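Chain naming here is simple, since letters A, B, ... match the order of the sequence lines and numbering starts at 1 in each. Bear in mind the structure is a predicted one, so any value in this text is a computation, not a measurement.
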There are 2 protein chains.
Amino acid sequence: MTDARKVLQALGDATRRDMVERLTDTAMSVSALAAPYDMTLTAVGQHLAILEAAGLVKTEKIGRVRSCSLNSAGLDVLDAWTRALRSTWERRLDALGDVLDEK
Amino acid sequence: MTDARKVLQALGDATRRDMVERLTDTAMSVSALAAPYDMTLTAVGQHLAILEAAGLVKTEKIGRVRSCSLNSAGLDVLDAWTRALRSTWERRLDALGDVLDEK
DNA sequence: TCCATATTCAAGTTTAAACTTCACTATATT
DNA sequence: AATATAGTGAAGTTTAAACTTGAATATGGA
């Protein structure tokens, strides 16, 4: 569900990156999350939906306020992606080293 | 120079992500890199410049062909970014736990 | 030398993502 | 009950990123 594609696409935007960073410090409502940005609540809600779909943010609506907090699942997916890249990359470098050793 | 902002913005695009993935398998020329995509060489060159500026790809021009390969510096920056997020996040959860313990 | 190949540059176009407006629902407060 | 608060939905606009065109440059091969 939360693939690397969604996570990286979500974090490609400066506002969403900032939102994630702020949510690591403290959970907050949609309005509080929106406060620092020069954009409408609607726009912030749209960003939030993208972050949630990517598994980077978890939200829970209690009464009329929705509380937003970090979801580490998205970061897990991101780490898995980079680890996979690194392992192919290192395996390749090793193979290259072996070829050079044979000379 | 290679900040997380540039890396995440670079990896936000599907084509660039695919390029990085392909370059972990093998280094190749700009033309070879461009081959699978339904776009001009110019466009691929533009993507390449963004990846290079982000520290995700290294290139070297030998004669008239530019060889492109993965640059792990970009991945290092990405890892550092996620690790920083996780540490603030975990510190926060610990502090929250302490407050609950006091009851 | 002549032509093909590999890439790059500057400038314009297109498209998708970000953002807005305005109306609406649901919950809280007086 | 009336009003304010918090957020959501649908539909349109704006803008920045992706992409193209039509050159030019530089290297390699016949």
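Taking both residues in full, the closest heavy atoms of B:Arg86 and A:Ser72 are given as NH1-CB, 4.1 Å, listed atom of the first, atom of the second, then distance. The minimum heavy-atom distance between B:Leu23 and B:Val57, with the atom names listed, is CD1-CG2, 3.7 Å.
At the phosphate of C:dT20, OP1 or OP2 sits under 4.0 Å from a side-chain N or O atom of A:Thr40. Listed pair B:His47 / D:dC19 meets the phosphate criterion, a side-chain N or O lying under 4.0 Å from OP1 or OP2. Side-chain N/O atoms of A:Arg64 include none lying less than 4.0 angstrom from OP1 or OP2 on D:dT8.
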- Task: Show your working on side chain to side chain contact (heavy atoms under 4.5 Å, CB included) between B:Asp18 and B:Glu21 and close with a plain yes or no.
- Result: CA-CA 5 Å; B:Asp18 193 62; B:Glu21 285 169 357; 4.1 Å; yes
- Item | side chain to side chain contact (heavy atoms under 4.5 Å, CB included) evaluation trace for B:Gln9 with B:Ile50 | CA-CA 9 Å; B:Gln9 193 269 350; B:Ile50 291 168; 4.1 Å; yes
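In this structure, NZ of A:Lys61 is placed 12 Å from C1' of D:dG9, rounded to the nearest angstrom. To the nearest angstrom, C1' of C:dT13 lies 16 Å from CE of B:Met39. If you measure from atom CG of A:Leu48 to atom C1' of C:dA17, you get 17 Å, rounded to the nearest angstrom. The nearest whole Å value for the distance from the CE atom in B:Met19 to the P atom in D:dA18 is 11 Å. Note: CG (A:Leu41) to C1' (D:dT5) measures 11 Å, nearest angstrom. Between A:Gln46 atom CD and C:dT21 atom P the separation is 13 Å, expressed in whole Å. Rounding to whole angstrom units, CD of residue B:Gln9 and C1' of D:dA18 are separated by 11 Å. Going from atom CD1 of A:Ile62 over to atom P of D:dA6 covers 15 Å, rounded to whole Å.
The side-chain contact (heavy atoms from CB on, under 4.5 Å) test with B:Val7 singles out one residue from B:Leu75, B:Leu78, B:Asp79, and that residue is B:Leu78.
Checking D:dC19, C:dA18, D:dT8 against every side-chain atom of A:Arg66, the shortest atom distance belongs to D:dT8. When each of C:dA18, D:dT20, D:dA6 is scored by its nearest atom to the side-chain atoms of B:Ala43, the top-ranked nucleotide is D:dT20.
B:Gly63 comes within contact range of the sugar-phosphate backbone alone, with a heavy-atom separation under 4.0 Å but no base atom that close.
Nearest-nucleotide positions on DNA chain C for A:Gly12 and B:Gly45 put B:Gly45 closer to the 5' end.
For C:dC9, its base sits under 3.5 Å from the side chain of B:Thr42 at one donor and acceptor pair at least.
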